[in-house]
2 protein chains.
Amino acid sequence: MRKPTDTREKLLETAIALIWQSSYASVGVAEICKQAGVTKGSFYHYFTSKAELFYEACQHHWQVKKKELDAIYSPSFTPLQQLENLIRFVIDQQESEAVDENPVSGCPFFTAGAQSGCSELKVRQAAQEMSDNAVTYNVALVRNLKAEGLLNGDPAPQQIGRLLHEFIQGLLVTGRVYRSLELVKQDLREGIYRLVDLKAEYRCQPVADEAPVVAAPLPA
Amino acid sequence: MRKPTDTREKLLETAIALIWQSSYASVGVAEICKQAGVTKGSFYHYFTSKAELFYEACQHHWQVKKKELDAIYSPSFTPLQQLENLIRFVIDQQESEAVDENPVSGCPFFTAGAQSGCSELKVRQAAQEMSDNAVTYNVALVRNLKAEGLLNGDPAPQQIGRLLHEFIQGLLVTGRVYRSLELVKQDLREGIYRLVDLKAEYRCQPVADEAPVVAAPLPA
DNA sequence: CAGTATACATACCGGTTGGTATAGTGCAAG
DNA sequence: CTTGCACTATACCAACCGGTATGTATACTG
């Protein structure tokens, strides 16, 4: 046996990074390999196809994001704080991944999956699973808000969770098309607040600009 | 001069139809030509590039959709009816364009533009212009609702119009990824109603399933 | 030291892409 | 009848695509 290398992981991360910046279709296997400092031979040693690489890269990347989301939704926050954390998370995310030509990267899982249209079952599958993941977290958030009696009416958390995801995705894609992070910042909070429909007395509470979004997670 | 042919228009319509069903990237010039019964020579006689064809096809298609939207938003409807018309319009649209492998086509302008990411300025430009068009109509709707005093608070119609567009696009893209028109039907009305935030007394009024969505436009 | 499985490199494949060069065709004006 | 132009058909290109075949270096195992 040869000693294990980090080639595989390198490919996963490079793929995410590149596809993130442009799109699944416009990034070739060759480019991914070049950027990762790996040759095609190695690529197809670890992955059976480009679509499969994407699928696994999504899974891999989710493991990272999951930790961040767990911090966001830590029980050490009140539901209202969690809501604000989510908003900040989305924007931070976009800001950290912004590149010159593409100030809004959008959700990589999704933008790729969306275009797949007919072909590439594996890609669509990845987009679905990542969406399911995101919705699950949204639902938890809504449930928390509802449990505290902060919401008007008697909404179905499952549906509101979906609505949030649909809206956020649409907003990010729009921001991407317009190449405008400003648009995202303008509409994100307003859209989310309208979808969850907080009771009047809790609405639009100003949030400090420096408010830490990630706190130490509770020790079990 | 030779008698004018419909070659150009044929190409525009074929392009829309094909790209609609799958995606901009996965439909080649050759396929468009074949489907339109035209050869590549003719294609590049009328259009300088694939991207330009797409751009012009969008403009062409918008002229058709514009008429439908004008009917939807005819002053002969009350604002509430206009709102319901919009909801029905979106769903009818998807239902009429559904094909086996793709029950949700999404907005063709947008799904194409979204994926463009880095490349193809002309494609992104088309997506932007078509979005602007859509938002304009949304804004008009919100203004009507607000003018009748049907909305809570004092919302900015411009923003709500954007939110509606962002949500609808996100929903359609999600429906596309899940290949589920059912999802779209479930979430469309709820999302829209939450975003516009109608006063309680006007909310969720049941709408007859057979309600005509297109009425005779007012004679000037 | 032989055997073997892993890890990677080189070179190449057939197919498709968007785009072009060119020759030909139909038709109207001179 | 012929010239000229709008239009169309054929043939072709270089570039690139995802994927593969084959070879080799490494390193553990018996």
Side-chain angles (χ1 to χ4, degrees), chain A residues 1-16 18-19 21-58 112-113 115-126, chain B residues 1-16 18-19 21-58 112-113 115-126:
Chain A
M1 300 276 190
R2 204 157 148 180
K3 78 178 170 203
T5 64
D6 61 344
T7 302
R8 189 189 147 89
E9 195 159 349
K10 195 84 193 278
L11 281 169
L12 289 173
E13 279 161 11
T14 307
I16 286 285
L18 288 180
I19 293 175
Q21 286 166 26
S22 46
S23 73
Y24 176 81
S26 67
V27 176
V29 174
E31 193 183 342
I32 296 173
C33 292
K34 187 179 174 187
Q35 201 76 20
V38 166
T39 58
K40 256 197 201 175
S42 305
F43 181 99
Y44 283 98
H45 171 70
Y46 289 106
F47 306 100
T48 67
S49 71
K50 180 187 171 188
E52 216 237 25
L53 161 75
F54 178 75
Y55 182 83
E56 297 204 19
C58 283
Q115 93 188 53
S116 72
C118 54
S119 62
E120 302 296 7
L121 178 118
K122 226 23 197 285
V123 176
R124 238 185 51 237
Q125 204 173 317
Chain B
M1 296 283 187
R2 206 156 146 180
K3 79 176 171 207
T5 64
D6 61 345
T7 303
R8 190 188 146 89
E9 195 159 351
K10 195 85 193 278
L11 280 169
L12 289 173
E13 280 163 10
T14 307
I16 286 285
L18 288 180
I19 293 175
Q21 285 166 26
S22 47
S23 73
Y24 175 79
S26 67
V27 175
V29 174
E31 194 184 340
I32 296 174
C33 291
K34 189 179 172 188
Q35 201 75 20
V38 165
T39 59
K40 255 195 199 174
S42 304
F43 181 101
Y44 283 98
H45 172 71
Y46 289 106
F47 305 100
T48 67
S49 72
K50 180 187 170 186
E52 216 235 27
L53 161 76
F54 177 75
Y55 181 83
E56 298 205 18
C58 283
Q115 93 189 54
S116 74
C118 54
S119 63
E120 302 296 7
L121 178 118
K122 234 3 195 309
V123 175
R124 238 186 50 239
Q125 207 173 314

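Proteins get letters first, then strands, A, B, ... in listed order; numbering begins at 1 in each. Fair warning: this is a prediction, and the values are worked out from it, not measured in the lab.
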Rounded to whole Å, the OH-P distance (B:Y24 to C:dT17) equals 13 Å

Atom NZ of A:K50 and atom C1' of D:dG18 are separated, to the nearest Å, by 8 Å

Are any non-hydrogen side-chain atoms of B:Y55 and B:L121 less than 4.5 angstrom apart? no

When rounded to whole Å, the NZ to C1' distance for the pair A:K122 and D:dG19 reads 17 Å

Within a strict 4.5 Å, meaning less than it, do heavy atoms of the A:I32 and A:L53 side chains meet?
yes

Regarding the side chain of A:Y46, the nearest nucleotide among C:dC8, D:dA6, D:dG19 is C:dC8

Applied to residues 39-56 of chain B, the salt bridge (charged side-chain N to carboxylate O under 4.0 Å, His left out) test, sequence neighbours excluded, yields B:R8-B:E56

Rounded to whole Å, CG of A:L53 lies from P of D:dC17 at a distance of 15 Å

A:T7 has its side chain closest, among D:dT8, C:dT20, C:dC8, to C:dC8

CD of B:E31 to CD1 of B:I19, rounded to nearest 0.5 Å, is 10.0 Å

Expected list for residues 36-43 of chain A near DNA chain C, using heavy atoms below 4.0 Å, is A:T39, A:G41, A:S42

Indicate yes or no for a side-chain donor-acceptor contact from B:Y24 to the backbone of B:A51 under 3.5 Å, with no hydrogens or angles considered. yes

Quiz item: Is it the case that more than 12 heavy atoms not belonging to B:Q35 sit under 6.0 Å from its CD atom?
Solution: no

OP1 or OP2 of C:dG18 versus the side-chain N and O atoms of B:S49: is any pair under 4.0 Å?
no

Value for OG1 (B:T39) from NE2 (B:H45), rounded to nearest 0.5 Å, stands at 11.0 Å

Between CD1 of A:I32 and P of D:dG19 the distance, given in whole Å, is 11 Å

Taken to the nearest whole Å, CD/B:E31 to C1'/C:dT17 is 12 Å

* Minimum side-chain heavy-atom gap B:Y44-B:V29 below 4.5 Å -> yes

A:L11 atom CG is separated from C:dA7 atom P, nearest whole Å, by 13 Å

Side-chain atoms of A:Y44 come closest, of C:dA7, D:dA6, D:dT20, to D:dT20

One should report the stems of DNA chain D, each a stretch of at least three consecutive Watson-Crick or G-U pairs at distances under 3.5 Å, as C:1-30 with D:1-30

Taken to the nearest whole Å, NE2/B:H45 to C1'/C:dA23 is 16 Å

Output for pair (B:L11 CG, B:D6 CG), nearest 0.5 Å, gives 9.5 Å

